[in-house]
Amino acid sequence: MQKFIRKFIFVMFIVVALAMTLVGCGKKELQISERKEENQLDTQNYRKYTLEDNIYLKEGAFITIQENTLLDLNGHAIIGNNSYVIQVGGVNKKAHLVLQDSAGTNAENMHYLAYSKYTNSYSRYGTSQQGGVDTTNAPTFLPDSYITVHGGLITGGSGAFSGGGVYVYEGSRFDMLGGTIAGNNTSGGGGGVYVARSAMFSLRGGTIKGNSSAGYGGGIYVAEGKCNIYGGDVQGNTAVAGGGGVYTISSELNITDGNIAQNSARFGGGVNAITSLVSIFGGNIRWNLAQEGGGMSAFNSNLEMQSGTVQQNVATKLGGGIKFAQTEGNAVFNLHDGQIIENAAKQGGGIYLLRASIHLNGGEMKNNKVSDSDKNIYNFDNLGTVYFNGCKIEE
């Protein structure tokens, strides 16, 4: 077994035992070589590893990381077999995995699992129900357990219930600064990334593209969690139900920069927000497609738009740019600045309003198109309330 591992791991400086443990059906432990460096700023005390070749895991096997670790794929891959590939943390242990790819290629079929708050996580979720990165906590609440991705490709994941590519759970954190999450799928929520129960996902760079969900959140799914999009691209993802790009329920979504583009779903081609707080400070939501809410569909949610662009989205029925609706509560859409332009729908080319309130305090709406009804704002049966306080509107 040790000969097999030494074939793939580059030995530099010191060989340290049991830094990572490969767990299979027999739960055998396996040492791999370590490249120890102490001169890097944010990872100076981290275990460091560099791959020299691909590693193919046996069926059901995975690698456990229980210390702060920097893993450089170096153009190679760790390829799983009917399981996730890496578990971060463990019972009463917290850890931080930093994934990078200095060769700038990919990590095909690379999935992760960070241990759950529940001690019986393996049986609770099963080894193949969630593909991808599962960043959850040990029985003691450990908010410091998290994963940072700088590069590489996470692909080929298939979550039977949730999280085809990445699974973030129970107060954990996943920061993506680069790399790609692509070609993953799930029959539940989050073809690319699944975030739930006080967990947080921050997209600062890189691309989430070409992922799919048979339910909600083709690119990203957030339930009772938080998602920050500071940059990067959420592009070309699909969901059968809602949120081709991003789906949120009882969550917080902040968009500062980046692009949510060319995604598709029945509701909310770009973004589908349910009972959530959505704040848009910049970025672009464009070229998305849906039956209702081409760019965004918000239901029983509050929406603040300070800047950014909702542009050239298409809804085959309602709300080319944004569908904003409520059945209960006091849903409010405040448009302070930004543009809602060049969108198209059957009704409400710019905004389709249903029983909710919108405050047009600033910004610009123009060149939105419809085949029926008002171009920029369609207020269904005048059940909603529109306050005009300074928005520039051109028919």
Side-chain angles (χ1 to χ4, degrees), residues 112 130-135 147 149 154-155 157 159 161-169 172-265 267-274 276-280 283-285 288 290 293 295-298 301:
Y112 311 82
Q130 275 90 5
V133 179
D134 179 352
T135 60
I147 291 177
V149 172
I154 299 171
T155 188
F161 297 111
S162 301
V166 178
Y167 192 89
V168 191
Y169 195 65
S172 295
R173 198 172 89 209
F174 174 41
D175 292 338
M176 184 172 178
L177 290 81
T180 303
I181 299 172
N184 304 284
N185 68 85
T186 181
S187 58
V193 180
Y194 178 90
V195 183
R197 297 187 67 171
S198 300
M200 182 172 69
F201 170 53
S202 296
L203 177 63
R204 303 174 189 275
T207 303
I208 299 173
K209 68 177 182 180
N211 303 284
S212 63
S213 169
Y216 297 87
I220 303 168
Y221 180 106
V222 189
E224 298 179 359
K226 184 175 182 179
C227 178
N228 301 309
I229 300 178
Y230 299 115
D233 297 291
V234 181
Q235 180 177 350
N237 304 282
T238 61
V240 172
V246 182
Y247 176 87
T248 68
I249 181 167
S250 302
S251 298
E252 182 178 342
L253 173 63
N254 299 305
I255 303 172
T256 303
D257 203 350
N259 297 292
I260 300 174
Q262 296 177 315
N263 304 284
S264 63
F267 302 106
V271 176
N272 186 195
I274 310 295
S276 295
L277 174 61
V278 180
S279 300
I280 303 174
N284 301 292
I285 300 174
N288 300 285
M296 175 187 298
S297 177
S301 298

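None of these values were measured; they are calculated from a predicted model. Just so you know, residue 1 is the first one in the sequence shown, and it goes up from there.
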Can you measure from [atom1] ([X]) to [atom2] ([Y]) and round to the nearest 0.5 angstrom?
X      : Y      : atom1 : atom2 : value
Leu203 : Thr256 : CG    : OG1   : 11.0 Å
Ser301 : Ile274 : OG    : CD1   : 6.0 Å
Leu277 : Asn254 : CG    : CG    : 7.0 Å
Ser202 : Met176 : OG    : CE    : 12.0 Å
Phe201 : Ile229 : CZ    : CD1   : 7.5 Å
Met200 : Cys227 : CE    : SG    : 10.0 Å

Whether the side chain of [X] engages the backbone of [Y] through a donor-acceptor N/O pair (distance < 3.5 Å, no angle test) should be reported.
X      : Y      : answer
Thr248 : Leu253 : no
Thr238 : Ser264 : no
Ser276 : Glu252 : no
Asn211 : Asn185 : no

Problem set entry | Contacts of type salt bridge (charged side-chain N to carboxylate O under 4.0 Å, His left out), residue Asp175, not counting sequence neighbours |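 Only Arg173 meet the salt bridge (charged side-chain N to carboxylate O under 4.0 Å, His left out) criterion with Asp175.
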Problem set entry | Step-by-step side chain to side chain contact (heavy atoms under 4.5 Å, CB included) determination, Ile280 to Ile285 | CA-CA 10 Å; Ile280 303 174; Ile285 300 174; 4.2 Å; yes
Search all heavy atoms of [X] against all heavy atoms of [Y] and return the closest pair with its distance.
X      : Y      : result
Ala239 : Gly217 : CB-N, 3.9 Å
Ala290 : Gly269 : CB-N, 3.4 Å
Ser297 : Phe267 : CB-C, 4.2 Å
Ser213 : Gly189 : OG-CA, 4.2 Å

Problem set entry | Ring geometry between Tyr216 and Tyr247 (parallel below 30°, tilted from 30 to 60°, perpendicular above 60°) |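 If you compare the ring of Tyr247 with that of Tyr216, the planes turn out tilted.
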For this session: Would you indicate whether the side-chain heavy atoms of Asn288 and Met296 approach each other to under 4.5 Å?
Result: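 Sidechains of Asn288 and Met296: no contact.
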Exercise. Does the side chain of Val246 reach to within under 4.5 Å of the side chain of Ile255, using non-hydrogen atoms?
Worked result: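 The answer is no; the side chains never approach within 4.5 Å.
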Problem set entry | Any residue meeting side chain to side chain contact (heavy atoms under 4.5 Å, CB included) with Asn259, in chain and number order, not counting sequence neighbours |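 Expected list: Asp233, Asn284, Arg286.
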Problem set entry | side chain to side chain contact (heavy atoms under 4.5 Å, CB included) involving Ala182 - partner list, sequence neighbours excluded |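 Counting only residues at least two positions away or on another chain, Ala182 forms a side chain to side chain contact (heavy atoms under 4.5 Å, CB included) with Leu153, Thr180, Lys209.
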For this session: Would you mind telling me which of Ile220, Ile260, Asn263 makes a side chain to side chain contact (heavy atoms under 4.5 Å, CB included) with Ile208?
Result: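 Going through Ile220, Ile260, Asn263 one by one, the side chain to side chain contact (heavy atoms under 4.5 Å, CB included) with Ile208 is satisfied by Ile220 alone.
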